[in-house]
Student: 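Below are the structure tokens for one structure; questions will follow.
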Amino acid sequence: MAQDFESQGVQITNSATTILTANSDDAIISIRLANITAAAVTVSVWINEGGSTQRYLVKDVALPAASSIELIQGGAKVVMQNTDVLQGQSSAASSVDTWVSFVDSIST
């Protein structure tokens, strides 16, 4: 069965920002965070499991000015179940661009 590869970009701000909401069993294959400002920021990314429990992928990681970080590397994957929500927050408003690549509706 062919897989449905998708991608989505979102700008993270200084309040909890929804990056992706799983609509089935989805597999995140890449998350890139880019600081688009001239100052260092900190950023956190987490999954709200079932809409209630926060599970951090990274918490308060320092992101220098004009730099980026890849959160999932080397073929690793993070599986999100239906209704799980991937969210992020930065220490500064409109400071971090996020790009997520994922497989939508993993084969059953």
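Owing to the predicted nature of the structure, the values given are computational and were not obtained by experimental measurement.
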Student: Side chains of Ile31 and Leu57, heavy atoms from C-beta outward: is any pair under 4.5 Å?
Tutor: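 Counting from C-beta outward, Ile31 and Leu57 do come under 4.5 Å.
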
Student: Can you tell if the side chain of Val61 reaches within under 4.5 Å of the side chain of Leu63, non-hydrogen atoms only?
Tutor: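 Heavy-atom side-chain distance check fails, nothing below 4.5 Å.
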
Student: Could you tell me if the side chain of Val100 sits less than 4.5 Å from the side chain of Leu86, heavy atoms only?
Tutor: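 Side-chain contact under 4.5 Å: yes.
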
Student: Under a 4.5 Å cut-off applied to non-hydrogen side-chain atoms, are Asn48 and Thr53 in contact?
Tutor: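 When only atoms from C-beta onward are counted, Thr53 and Asn48 do not touch, as no gap falls below 4.5 Å.
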
Student: Kindly say whether Ala39 contributes a backbone atom to a donor-acceptor pair with the side chain of Thr37 at under 3.5 angstrom?
Tutor: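 Side chain of Thr37 to backbone of Ala39: a pair is present.
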
Student: What I'd like to find out is whether the side chain of Phe102 reaches to under 4.5 Å of the side chain of Ser7, using heavy atoms alone.
Tutor: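 When only atoms from C-beta onward are counted, Ser7 and Phe102 do not touch, as no gap falls below 4.5 Å.
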
Student: Kindly work out whether a path of hydrophobic side-chain contacts (I/L/V/M/F/W/Y, heavy atoms less than 4.5 Å apart) joins Val58 to Val41.
Tutor: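 Yes; tracing contacts between hydrophobic side chains, which count when under 4.5 Å, links both residues.
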
Student: Treating Asn82 as the side-chain partner and Asp25 as the backbone partner, does any N or O pair qualify as donor plus acceptor under 3.5 Å?
Tutor: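 No; zero donor-acceptor contacts below 3.5 Å.
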
Student: Checking the side chain of Thr17 only, and the main-chain atoms of Gln89 only, is there a donor and an acceptor separated by less than 3.5 Å?
Tutor: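 A pair under 3.5 Å: no.
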
Student: From Ile12 CD1 over to Ser94 OG, what is the distance, rounded to the nearest 0.5 angstrom?
Tutor: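 Atom-to-atom, Ile12:CD1 and Ser94:OG are 11.0 Å apart.
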
Student: Name each donor-acceptor pair under 3.5 Å that joins a side chain in residues 67-80 to protein atoms two or more places apart or in another chain, with its distance.
Tutor:
| residue | atom | partner | partner atom | Å |
| --- | --- | --- | --- | --- |
| Ser67 | OG | Pro64 | O | 2.6 |
| Ser68 | OG | Arg32 | NH1 | 3.0 |
| Glu70 | OE1 | Arg32 | NE | 3.1 |
| Glu70 | OE1 | Arg32 | NH2 | 2.9 |
| Glu70 | OE2 | Ser30 | OG | 2.5 |
| Gln73 | NE2 | Glu70 | O | 3.0 |
| Lys77 | NZ | Gly75 | O | 2.9 |

Student: With a 3.5 Å cut-off and no angle check, do the side chains of Ser90 and Asn14 form a donor-acceptor pair?
Tutor: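 Per modelled atom types, Ser90 and Asn14 side chains form no pair under 3.5 Å.
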
Student: Side chains of Ile47 and Val85: does their closest heavy-atom pair fall under 4.5 Å?
Tutor: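 They are not in contact (no side-chain heavy atoms under 4.5 Å apart), so the answer is no.
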
Student: Could you give me the CA-CA distance, side-chain angles and deciding distance for Gln11 and Thr13, then say whether side-chain contact (heavy atoms from CB on, under 4.5 Å) is met?
Tutor: CA-CA 6 Å; Gln11 190 171 84; Thr13 186; over 6 Å; no

Student: Without swapping roles, check the side chain of Gln8 against the backbone of Ile19 for a donor-acceptor pair under 3.5 Å.
Tutor: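 Confirmed, Gln8 side chain pairs with Ile19 backbone.
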
Student: When you compare the side chain of Trp46 with that of Gln87, does any pair of heavy atoms fall below 4.5 Å?
Tutor: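 With C-beta onward as the side chain, the pair touches.
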
Student: Scan side-chain atoms only and decide if Ser24 and Asp26 contain a donor-acceptor pair under the 3.5 Å cut-off.
Tutor: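 Checked: Ser24/Asp26 side chains pair up, N/O donor to acceptor below 3.5 Å.
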
Student: Between Ser91 (side chain) and Thr42 (backbone), is there a donor-acceptor pair under 3.5 Å?
Tutor: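 The answer is yes, because a donor-acceptor pair under 3.5 Å joins these two groups.
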
